[in-house]
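Report on the following structure.
Indexing begins at 1, ligand by ligand and atom by atom, following the structure's order.
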Amino acid sequence: MKMNNQDVVILAIESSCDETAAAVVKNGREVLSNVIYSQIELHTLYGGVVPEIASRKHIEKINQVIEEALRQADKTLKDIDAIAVTYGPGLVGALLVGVSAAKAISFATGIPLIGVHHIEGHISANYIENLELEPPFICLVVSGGHSHLVKVADYGQYEILGRTRDDAAGEAFDKVARAIGLGYPGGPKIDKVSKEGNPDAIHFPRAKVEGSVYDFSFSGLKSSVLNYINSCEMKGIPLNVPDIAASFQKAVVDVLVEHSMDAVEKYGFQRFAIAGGVASNSGLREAMKKACAEKNIEFYHPSPIYCTDNAAMIGVAGYYEYIQGTRSALDLNAVPNLKLGER
Ligand code: KG4
Ligand code: ZN
């Protein structure tokens, strides 16, 4: 085990969905390496992530990715203070690969193990490039699997203010992209093609969820886009893909901005952050930047590489858990539906 205790160096592992990733993070804010093996091409063939294929690919790649992360950081296991690993939420077979690898290294070396919540990782991605950012703040986490509006009261202390009642924001992007023939993964493609479209061309609904101001619902919007496409096809009207993409994107962004700004106002925080794959959406970033500027709120977002799944964000979250004394036992298991703030 490591002798010099001045710096805290974390080896982080992430395998909750279709990225096999490992990273080395120093003192919670400095990324020494961030290796991501993306399986996207493999799953594109099927139009979405196939869980069994994801697990098999993780097994094939995990050791290589971990070794590469250590090599790029110029570290060996002797330099590592703790191993942080995503143990939920996510695909159970995929999570198990990372969790098993982390446990095996911990067992063989005696390096402490820390199970990290995937969403806590996404939120923590904001700490990497914004050294001045500290809690409290409101964070909107929007990815392929999650849409959460979170109050970050302190490091490791979260309160979920709102969540999606049906599809996640990224899921809506992916489904609409498929319907208009853009393919998988839909988010980046809709983002790109939207730039050539008119966001006000078609009015799609901005759903409100009864009884909860901060919850989201995207399935109605998705159905509305599908109905619009069907009606165009029945009337023989050619689809204007850029207009549909831009109008759909605006409908999603409007709701995300409105809910987020309501929460910022209610809690009176001076800082607001976005996280998750959809946080790299250019329309969302622009709209949030503008809305925050109008309210005199500091706006934070990670670079795109830290928005989509990566292990650096797990290393950052793992660091704050580590200094607060969190340790996981070797019976750590994958928890596919792990709730934020639960252990
Ligand atoms: O965070 P992430 O890599 O995985 C999950 O934890 O789910 O997010 C992936 C999601 C996908 O649905 C993808 O379409 C979406 O993020 N995404 C985007 C953009 N880039 C990725 N959505 C909208 N605009 C983008 N530029
Ligand atoms: Zn994610």
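- A salt bridge is defined here as a Lys NZ or Arg NE, NH1 or NH2 lying under 4.0 Å from an Asp or Glu carboxylate O, and Glu67 with Arg71 fails to meet this definition.
- Distances below 4.0 Å separate heavy atoms of His118 from the following atoms of ligand 1: 6 (O).
- The nearest heavy-atom contact from the protein to atom 12 (O) of ligand 1 is Asp174 OD2, 2.8 Å.
- Contact annotation for Asp309 and ligand 1: heavy atoms of both the backbone and the side chain come within less than 4.0 Å of the ligand.
- A salt bridge does not link Arg163 with Asp215: every distance from a Lys NZ or Arg NE/NH1/NH2 to an Asp or Glu carboxylate oxygen is 4.0 Å or more.
- The aromatic rings of Tyr228 and Phe204 stand perpendicular to each other, their planes meeting at an angle above 60°, with 30° marking the opposite boundary.
- Put simply, no part of Gln249 is less than 4.0 Å from ligand 1, judged by heavy atoms.
- Considering just the N/O/S atoms of Asp309, the one nearest the Zn ion (ligand 2) carries the name OD1.
- Proximity annotation for atom 23 (C) of ligand 1: of Pro304, Gly187, Gly121, Gly187 comes nearest, heavy atoms only.
- Between Glu68 and Lys61 no salt bridge is recorded (no basic side-chain N to carboxylate O distance below 4.0 Å).
- Closest to the Zn ion (ligand 2) among the N, O or S atoms of His118 is NE2.
- Using a 4.0 Å heavy-atom cutoff, Ser280 is listed among the residues neighbouring ligand 1.
- Taking the six-membered ring where the residue is Trp, Tyr267 and Phe269 present tilted rings, their angle falling between 30° and 60°.
- Listed by number with element, the atoms of ligand 1 under 4.0 angstrom from any heavy atom of Gly170 are 12 (O).
- The Zn ion (ligand 2) has no N, O or S atom of His146 inside 2.8 Å of it.
- Atoms of ligand 1 found under 4.0 Å from any heavy atom of Gly145 (numbered from 1 in listed order, with element): 7 (O).
- In terms of heavy atoms, Ile114 sits closest to Tyr322 at CD1-CB, 3.5 Å.
- Not a single N, O or S atom of Cys17, from either the backbone or the side chain, sits less than 2.8 Å from the Zn ion (ligand 2).
- Salt-bridge check for Glu171 with Lys175: passed, with a basic side-chain N closer than 4.0 Å to an acidic carboxylate O.
- Lys192 does not count as a contact of ligand 1, since none of its heavy atoms falls under 4.0 Å from the ligand.
- Within a 6.0 Å radius of CD in Glu132, other residues, nucleotides and ligands contribute more than 12 heavy atoms.
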